[in-house]
Amino acid sequence: MEKVILDMDPGIDDALALLLAISSPELAIQGVSTVAGNTVVEKTGINARRVLEYVGRGEVPVYYGSSSPMARPLSTAEHFHGSDGLGEAGIPMPRQPPIPGGVQFIAETVAKNPNDITIITTGPLTNVALAFTLYPRTLRLVKRLVVMGGAYHLTPYGRGNVTPFSEFNIYTDPEAANIVFNSSVPITCVGLDISTDPSVKIDRRRYEEIRGLRGKKAELASRIMKYQLERFGEVEVHDALAVAAALRPEIFQTVEMRVQVLTNNDASRGATIAVKPREGEKGNAKICTGVDGEKFFELLLSRLSDPG
Ligand code: RIB
Ligand code: CA
């Protein structure tokens with residue numbers, strides 16, 4: 001079992017990632033820290049609780065993390081996730097609120113489990129960067145990061161979704177991403193290069209397959225995905241792919257690169273520049289350049305359907 005912290009900004013695809021993670025016995029989830037991104041942290045925190053309680057997993061602790069990027073005003077994405085951040089699907093509000101102190105939770109959990117915690121991030125990297133900055137032993141003791149973020153131009157799908165160069169999670173807090181990519185912590189990146197590949201998207205056919213499954217997880221997934229399916233004709237599952245990268249690395253292809261995050265205030269804001277390391281030089285990230293889309297969907301389907 002891999003001990004993991006999920007750092008998220010639910011968000012429709014974050015919610016799918018959370019459902020996949022809690023349905024995977026390979027992962028020992030220590031808790032969820034939430035961050036401002038797709039919507040404000042008050043909502044991302046509550047949304048993680050909504051998802052967990054809806055499927056009877058209210059015992060998983062959820063923490064509020066950062067309410068804003070490190071050095072920029074917050075820009076959210078409600079147009080893509082709905083005004084409540086969960087597709088306006090009427091999912092009941094939680095009985096239990098999130099707990100304050102998400103950054104401290106990350107630092108304390110890593111300190112208590114030296115070299116044994118994987119942090120899977122599916123939102124802006126603010127919480128992780130603050131944990132590395134305010135509690136420096138965190139970056140020395142964390143085992144690895146799996147980051148949904150970046151657009152590396154390594155496949156035909158590797159262009160940005162905020163600007164042609166920048167992906168939302170990195171664009172929202174480029175200073176935090178810069179700290180994380182320069183931390184020397186082992187990072188596997190799931191970027192738009194594979195997460196916007198048509199082979200991994202949920203189209204109408206795949207949506208109906210999920211909707212046809214029995215159980216609360218599949219019901220919740222189809223209810224929240226409907227928002228994007230109706231407006232955009234498909235559902236992007238960036239974050240669930242990051243969880244799959246932790247669960248099934250064998251269905252992904254990766255390349256080791258040296259990544260630099262641009263923190264300018266112009267069109268290059270949040271760009272992730274990836275170059276091959278020089279001979280004998282180590283890269284700072286393994287970037288996913290391919291995935292078996294069918295195997296990913298089979299994994300998602302099987303985990304959403306099992307009553308566990
Ligand atoms: O660019 C896609 C990422 O931004 C996903 O994590 C999505 O949830 C949004 O946070
Ligand atoms: Ca997200």
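Whatever order the structure lists them in is the order used to number ligands and atoms, beginning at 1. FYI, the numbering just counts along the sequence from 1. All of these numbers come straight from a predicted model, not from anything done at the bench.
- Around the Ca ion (ligand 2), protein N, O or S atoms at less than 3.0 Å number 5.
- Between Phe80 and Phe232, the gap from one ring centroid to the other is short of 6.0 Å.
- At a threshold of 4.0 Å, the pair Glu53-Arg57 does not count as salt-bridged, since none of the basic side-chain nitrogens sits closer than that to a carboxylate oxygen.
- Because its NZ or CZ atom is both nearer than 6.0 Å to the ring centre of Phe297 and within 45° of the ring axis, Arg206 counts as a cation-pi partner of that residue.
- A cation-pi arrangement is not found for Arg248 relative to Phe296, the charged atom failing to lie both closer than 6.0 Å to the ring centre and inside a 45° cone about the ring normal.
- Arg303 has no carboxylate O lying under 4.0 Å from a charged side-chain N of Glu298, or vice versa, which leaves the two without a salt bridge.
- Glu234 has no carboxylate O lying under 4.0 Å from a charged side-chain N of Arg205, or vice versa, which leaves the two without a salt bridge.
- Around ligand 1, the residues contributing at least one heavy atom under 4.0 Å from the ligand are Asp9, Asp13, Asp14, Asn38, His81, Thr122, Met148, Asn161, Glu167, Phe168, Asn169, His238, Asp239.
- Listed by first and then second residue, the side-chain hydrogen bond (donor to acceptor under 3.5 Å, both in side chains) pairs involving residues 188-197 are Ser195-His238, Asp197-Ser199 (not counting sequence neighbours).
- With sequence neighbours excluded, the residues forming a side-chain hydrogen bond (donor to acceptor under 3.5 Å, both in side chains) with Glu175 are Arg72, listed by chain and number.
- For Arg50 and Tyr54, the positive end is not near the middle of the six-membered ring at less than 6.0 Å and at most 45° from its axis.
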